[in-house]
Q: 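This structure is in structure tokens; I'll ask about it shortly.
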Amino acid sequence: MKLFHRTTEGIGALILREGFRDGAGRFTSDFTAAGVWFSDRPSSPVERNFGGAVLSVELRGTARSLSAFERLEGQEGYREWLIPLTFVKQKLVAMHLC
């Protein structure tokens, strides 16, 4: 499954060298969680208000295998997941900086 992660160019290069890190925080007023954010399409920097680079990531599995991690709050026209780092490491096939 191909997913996308919006970031800055510097952090994108760091992720390619060292891998992802869990990002913990309060992401909406409803929950606090840890993981790596992905979407099913490369969002624009304006939409996400964060960085001009996108990592294209291939994970083994299907959308169904990611359903427990999907976030459904307020997206229009795209899907979004907060996936625990351990799961990402187990399923990662390839990643490229776009």
Side-chain angles (χ1 to χ4, degrees):
M1 181 169 186
K2 183 182 265 190
L3 299 174
F4 301 92
H5 177 81
R6 167 76 50 196
T7 189
T8 64
E9 290 182 24
I11 293 174
L14 182 65
I15 291 169
L16 287 176
R17 283 192 313 272
E18 299 180 11
F20 283 104
R21 295 182 187 166
D22 264 333
R26 190 170 188 86
F27 297 108
T28 71
S29 60
D30 300 320
F31 74 97
T32 300
V36 182
W37 282 103
F38 293 100
S39 61
D40 65 345
R41 65 175 180 82
S43 58
S44 75
V46 173
E47 288 174 303
R48 303 306 300 151
N49 195 26
F50 187 76
V54 174
L55 284 166
S56 170
V57 177
E58 293 180 50
L59 299 177
R60 282 187 302 282
T62 63
R64 182 175 217 168
S65 68
L66 300 177
S67 63
F69 312 119
E70 190 166 8
R71 298 293 173 205
L72 302 171
E73 300 92 16
Q75 296 93 301
E76 292 186 27
Y78 66 97
R79 296 172 72 186
E80 195 170 47
W81 298 263
L82 180 61
I83 304 174
L85 182 60
T86 54
F87 190 90
V88 173
K89 286 181 175 181
Q90 291 171 355
K91 303 295 184 179
L92 184 65
V93 174
M95 63 180 155
H96 309 280
L97 190 58
C98 303

Q: Which value, rounded to the nearest 0.5 Å, describes the distance between Lys89 atom NZ and Thr86 atom OG1?
A: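 Here the interatomic distance stands at 8.5 Å.
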Q: Closest approach of Arg60 and Val93, non-hydrogen atoms and distance?
A: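 Taking Arg60 first and Val93 second, the nearest heavy atoms are CG-CG2, 3.4 Å.
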Q: Rounded to the nearest 0.5 Å, how far apart are CG of Leu59 and NZ of Lys91?
A: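 It comes to 9.0 Å.
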Q: Do Leu16 and Phe38 share a hydrophobic cluster (ILVMFWY, side-chain heavy atoms under 4.5 Å, transitive)?
A: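 Yes, because Leu16 and Phe38 connect within a single hydrophobic cluster, where side-chain heavy atoms sit under 4.5 Å apart.
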Q: Under a single-linkage definition using a 4.5 Å side-chain heavy-atom cutoff for Ile, Leu, Val, Met, Phe, Trp and Tyr, are Leu66 and Leu92 assigned to the same hydrophobic cluster?
A: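 They do share one cluster, since a chain of ILVMFWY contacts under 4.5 Å joins Leu66 to Leu92.
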Q: Measure the OG1-CG distance between Thr7 and Leu14 for me, rounded to the nearest 0.5 Å.
A: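 Interatomic distance, Thr7 OG1 to Leu14 CG, rounded to 0.5 Å: 9.0 Å.
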Q: If you define the side chain from C-beta out and look only at heavy atoms, does anything of Val57 sit under 4.5 Å from Val36?
A: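 No. Closest side-chain heavy atoms not under 4.5 Å.
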Q: At their closest point, which heavy atom of Leu97 faces which heavy atom of Glu9, and how far apart are they?
A: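 Scanning both residues completely, I find the closest heavy atoms to be CD2-O, 4.4 Å.
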Q: Around atom CZ of Arg64, are there more than 12 heavy atoms of other residues, nucleotides or ligands at under 6.0 Å?
A: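 Counting neighbours around CZ of Arg64, 12 or fewer heavy atoms of other residues, nucleotides or ligands fall under 6.0 Å, so no.
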Q: Drop me the distance from Lys2's NZ to Met95's CE, to the nearest 0.5 angstrom.
A: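 Taking NZ in Lys2 and CE in Met95, the distance rounds to 14.0 Å.
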Q: Given the side-chain rings of Phe4 and Tyr78, with only the six-membered ring counted for Trp, is the space between their centroids under 6.0 Å?
A: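 Ring centres of Tyr78 and Phe4 not closer than 6.0 Å.
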Q: Could you tell me the separation between the NE2 atom of His5 and the OG atom of Ser56, rounded to the nearest 0.5 Å?
A: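 If I round to the nearest 0.5 Å, the distance is 12.5 Å.
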Q: Rounded to the nearest 0.5 Å, what separates atom CD in Gln90 from atom CG in Leu85?
A: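 Going from CD on Gln90 over to CG on Leu85, the span is 10.0 Å.
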Q: So, for Ala63 and Met1, which heavy atoms are closest and what is the spacing to 0.1 Å?
A: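 The pair with the smallest heavy-atom distance is N-SD, 3.4 Å.
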Q: Taking all atoms of both residues into account, what is the closest heavy-atom pair of Val54 and Pro42, and its distance?
A: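 Residues Val54 and Pro42, closest heavy atoms: CG1-CB, 3.9 Å.
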Q: Does the Arg6 side chain pair with the main chain of Trp37, one donor and one acceptor, at a distance under 3.5 Å?
A: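 No; zero donor-acceptor contacts below 3.5 Å.
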